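Remarks on the structure that follows.
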Amino acid sequence: MIDSSFTHISALQYRLKAAQDKLRLFESGEMYVKLRAKYNRGIRRLLKEIFRLSKQLADAHAETVTVRNNWIEIIEETEREYDKAASEAAALSEEVRRLKREKYELLVKLDEAEGKIQKLTNQINMNHENSSKPSSSVPNHKKIHNSREITGRKRGAQPGHKGSCLKKIDTENKDTIYIPAPDELVNDPDKYLTGRKISRQVIDMELVVHITEYWTHEFKSHKTGHTHHAQFPANVINPVNYGGTVKAIASILNNKYNVSIDGVKDFIKEVSRGAVHPSKGMINDLCRQFSGKTDKEMQEIWDSLLSGHSMNLDFTTSRSDGKNKQISICCNKEATLYTSGDSKGHKGIAGTPAEIYTGVLIHDHDSTFYSYGSAHQECLAHILRYLKGSMENEPDKTWSTKMRSLLQEMIHHVKHLPPDSDVDEEVKKDFRKRYMEIIDLAADEYDYEPPSDYYRDGYNLYTRLKSPDEHLLFLEDRQVSADNNDAERGARKIKRKTNQVMTFRSDENLKDYCKTISVMSFIEGEGENLFEKMAMIYNR
């Protein structure tokens with residue numbers, strides 16, 4: 001404890017002595033001299049540092065000015081280059097826009113050219129297989145094959161099949177020639193008579209001219225000088241008249257088989273060995289005579305058509321006095337009626353059975369026909385050809401191939417059903433379901449790639465087929481045909497006759513011809529002998 005206090009006192013003494021020495025220095029002024037010298041040394045050091053820093057600052061400022069000037073030059077140069085580049089870019093942009101415009105114009109022209117090529121290709125490739133164009137208008141067309149499959153067997157009768165031979169004719173006007181047996185058969189002891197006669201006929205025919213001559217006494221008046229005689233039959237007018245058989249032969253050759261008037265005249269002259277030599281005027285007048293005597297048959301044709309369950313309807317073109325005329329064809333399995341007019345449409349239907357018919361109409365796609373009848377079936381033979389055309393001209397579309405296959409399957413199914421049976425309800429539902437699925441597929445394909453302005457036939461066909469009732473009626477009603485072939489076959493008669501005569505002399509000639517072939521078709525449909533029936537009508 002004593003040592004600690006001593007140490008503390010000693011420290012205080014040392015501190016006191018030091019303070020006294022520092023006080024003495026201040027009192028003597030010596031400390032102020034030392035402090036002044038130290039201060040001056042510090043001032044000099046700071047001034048030197050300030051000078052050094054000022055120099056550095058000046059150098060930095062000069063460098064900053066230099067850098068700033070360099071940046072300004074660089075910026076100005078950059079701006080000049082940018083303006084130049086912008087000007088060049090603007091020029092390039094304008095060139096790009098011009099090139100784009102040219103590109104788009106070329107693309108449009110290319111698209112139009114492709115459309116025109118497609119349209120022209122469609123027109124060139126259009127034939128009787130993919131359109132309604134008749135095969136007769138397609139020169140050098142390929143062979144039209146039937147639907148039979150090639151079996152590889154030889155043509156003609158097949159082993160095991162019963163042959164079809166001509167039947168022998170039993171008539172009183174028959175010459176019999178006996179052929180004696182040769183001696184080697186008669187004298188051969190190994191052979192004997194069986195009692196059976198072997199006969200073979202040679203049928204020949206010749207035209208026999210039969211003439212009926214009417215005569216009567218002539219009387220003359222003493223007072224007036226006029227002559228008088230008994231009345232001849234109504235059809236015996238001229239000194240020489242042709243009977244119904246001659247007229248029937250000439251009319252059938254000229255109107256059914258389209259033999260020219262000169263050909264008919266020469267044929268009758270040849271087969272009669274020159275005895276009968278009709279004039280061209282008489283042959284040309286046969287239709288007028290025949291049509292004037294067939295009011296009864298025409299009424300029967302009307303009754304048959306109006307009472308039928310369905311009626312086929314079509315138009316075809318002929319010529320009269322150098323002008324086009326439209327022939328309407330109304331037919332069913334029993335009768336066909338041809339009616340001539342100036343145009344198609346409602347005017348062409350006026351005056352025909354179709355105007356007042358209340359049953360099912362079978363026809364090609366013509367909006368006019370939908371104003372008549374109670375139900376409609378469009379011709380699927382035309383639809384199948386149009387679908388084939390769509391397959392050829394729109395190879396990127398798949399709906400037309402599927403629809404064509406489905407319609408063929410439907411027609412085949414109905415054709416092979418027993419005559420009195422209907423299509424099964426489940427089968428009909430399946431057919432309709434698949435039909436609408438293909439229609440939906442067509443809608444998707446045309447939505448993805450719209451039809452070209454140069455070929456819209458496929459798209460137009462799709463819009464027609466969207467309504468199944470007019471195309472699938474044959475599934476619901478077995479009495480309705482799936483095609484309009486009956487009317488098409490009737491139209492061929494007009495086309496062949498028009499090709500033969502080129503043009504009828506007058507509208508009356510054309511109307512008489514239409515009535516004549518209508519009655520001829522009706523007679524054949526009734527199963528009567530055409531020659532005998534026509535001869536009877538001519539003799540009325």
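What you see is a predicted model, and the numbers here were worked out from it, not measured in a lab.
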* Are any non-hydrogen side-chain atoms of D512 and F290 less than 4.5 angstrom apart? -> no
* To do: Considering non-hydrogen atoms only, spot the tightest contact between L510 and S320 and give its length.
  => CD2-CB, 4.2 Å
* Asked: Without hydrogens or angle criteria, can the side chains of S481 and D483 be said to hold a donor-acceptor pair below 3.5 Å?
  -> yes
* Do L407 and M410 touch side chain to side chain, with heavy atoms closer than 4.5 Å? -> yes
* Asked: Ignoring hydrogens and geometry, is there a side-chain-to-backbone donor-acceptor pair from T316 to I327 under 3.5 Å?
  -> no
* Between CE on residue M311 and CG on residue N484, distance to nearest 0.5 Å -> 12.0 Å
* **S405 OG to L387 CG distance, which is reported to the nearest 0.5 Å** => 11.0 Å
* Asked: Listed by chain and number, what are the side-chain hydrogen bond (donor to acceptor under 3.5 Å, both in side chains) partners of N284, not counting sequence neighbours?
  -> none
* To do: Determine, stepwise, if the pair Q479 / S310 fulfils side chain to side chain contact (heavy atoms under 4.5 Å, CB included).
  => CA-CA 7 Å; Q479 298 185 61; S310 63; 5.6 Å; no
* Tell me, do I523 and I537 make a side-chain contact under 4.5 Å, heavy atoms counted? -> yes
* Close side-chain approach of I362 and L313, heavy atoms under 4.5 Å -> no
* Asked: Taking the side chain from Q201 and the backbone from I169, do they hold a donor-acceptor pair closer than 3.5 Å?
  -> yes
* Asked: If you look only at pairs with a residue in residues 330-341, which of them pass as a side chain to side chain donor-acceptor pair (under 3.5 Å), with sequence neighbours excluded?
  -> K333-D486
* Asked: Is D285 reaching over with its side chain to a backbone N or O of G281, donor-acceptor style, under 3.5 angstrom?
  -> no
* **L337 and I329, any side-chain heavy atoms less than 4.5 Å apart** => no
* Are a donor atom and an acceptor atom from the side chains of N509 and S506 found within less than 3.5 Å of each other? -> yes
* Structure fact -> The side-chain hydrogen bond (donor to acceptor under 3.5 Å, both in side chains) partner of R319 among N324, T498, T503 is N324
* Asked: Looking at side-chain heavy atoms only, is the closest gap between D314 and D364 below 4.5 Å?
  -> yes
* Out of curiosity, M298 CE to D303 CG, how far, rounded to the nearest 0.5 Å? -> 11.5 Å
* Over 60° means perpendicular and under 30° means parallel, so classify the ring planes of F369 and H363, tilted if in between. => perpendicular
* Pair E94 + K100: basic N to acidic O under 4.0 Å -> no
* Asked: Should the pair H376 and Y370 be assigned to parallel (<30°), tilted (30 to 60°) or perpendicular (>60°) ring geometry?
  -> tilted
* Please identify each residue that fulfils salt bridge (charged side-chain N to carboxylate O under 4.0 Å, His left out) with D366, with sequence neighbours left out. => none
* Could you give the distance from CD (E88) to OG (S93), rounded to the nearest 0.5 Å? -> 13.5 Å
* Mark yes or no for whether Y386, through its side chain, and L461, through its backbone, hold a donor-acceptor pair below 3.5 Å. => no
* To do: For R456 and S452, test the side chains for any donor-to-acceptor distance below 3.5 angstrom and give the result as yes or no.
  => no
* CH2 on W399 to CD on E445, rounded to 0.5 Å -> 9.0 Å
* What pair of heavy atoms forms the shortest contact from E394 to G458, and how long is it? -> OE1-CA, 3.7 Å
* Asked: Taking S291 for the side chain and C287 for the main chain, is one N or O donor matched with an acceptor at less than 3.5 Å?
  -> yes
* Structure fact -> Here the pair of heavy atoms bringing N485 nearest to A381 is OD1-CB, 4.1 Å
* Taking the six-membered ring for Trp, are Y372 and Y357 ring centroids under 6.0 Å apart? -> no
Show me, pair by pair, the donor-acceptor contacts under 3.5 angstrom made by side chains of residues 525-533, not counting sequence neighbours?
unit_1: N529; atom_1: OD1; unit_2: F531; atom_2: N; d: 3.1
unit_1: N529; atom_1: OD1; unit_2: E532; atom_2: N; d: 2.8

* Other residues, nucleotides, ligands: >12 heavy atoms within 6.0 Å of D266 CG -> yes
Can you give the donor-acceptor pairs under 3.5 Å from side chains of residues 244-263 to other protein atoms, not counting sequence neighbours?
unit_1: K247; atom_1: NZ; unit_2: Q289; atom_2: OE1; d: 2.9
unit_1: S251; atom_1: OG; unit_2: N255; atom_2: ND2; d: 3.0
unit_1: S251; atom_1: OG; unit_2: Y538; atom_2: OH; d: 3.3
unit_1: N254; atom_1: OD1; unit_2: K497; atom_2: NZ; d: 3.4
unit_1: N254; atom_1: ND2; unit_2: V259; atom_2: O; d: 2.8
unit_1: N255; atom_1: ND2; unit_2: S251; atom_2: O; d: 3.2
unit_1: K256; atom_1: NZ; unit_2: E524; atom_2: OE2; d: 2.4
unit_1: S260; atom_1: OG; unit_2: G263; atom_2: N; d: 3.0

* Check the pair E102, R98 against salt bridge (Lys or Arg N to Asp or Glu O under 4.0 Å), reporting the backbone distance first and the verdict last. => CA-CA 6 Å; E102 292 181 356; R98 185 184 66 80; 2.4 Å; yes
* Asked: Can you check whether D342 reaches K325 side chain to side chain, under 4.5 Å on heavy atoms?
  -> yes
* Could you grab the distance from atom OG of S390 to atom OH of Y455, nearest 0.5 Å is fine? => 5.0 Å
* Should E508 and R288 count as an ion pair when the cut-off is N to O under 4.0 Å? -> no
* Asked: Under 3.5 Å, side chain of Q377 to main-chain N/O of F474, donor-acceptor pair present?
  -> yes
* Is the count of non-hydrogen atoms from other residues, nucleotides or ligands lying under 6.0 Å from K269 atom NZ greater than 12? -> no
If you look only at distance, which donor and acceptor atoms sit under 3.5 Å apart when one is on a side chain in residues 430-442 and the other is two or more places apart or in another chain?
unit_1: D430; atom_1: OD2; unit_2: R434; atom_2: NH1; d: 3.4
unit_1: K433; atom_1: NZ; unit_2: E437; atom_2: OE2; d: 2.7
unit_1: R434; atom_1: NH1; unit_2: E409; atom_2: OE2; d: 3.3
unit_1: R434; atom_1: NH2; unit_2: E409; atom_2: OE1; d: 2.7
unit_1: Y435; atom_1: OH; unit_2: L465; atom_2: O; d: 2.6

* Asked: Do NZ/NE/NH1/NH2 and the carboxylate oxygens of R101 and E105 come within less than 4.0 Å?
  -> no
* Structure fact -> Heavy-atom closest pair (P418 atom, R478 atom, distance to 0.1 Å) is O-NH1, 3.2 Å
* Asked: Okay, side chain of T352, backbone of I349: is any donor-acceptor separation there less than 3.5 Å?
  -> yes
* R505 CZ: over 12 foreign heavy atoms closer than 6.0 Å -> no
* Tell me, do S521 and K493 make a side-chain contact under 4.5 Å, heavy atoms counted? -> yes
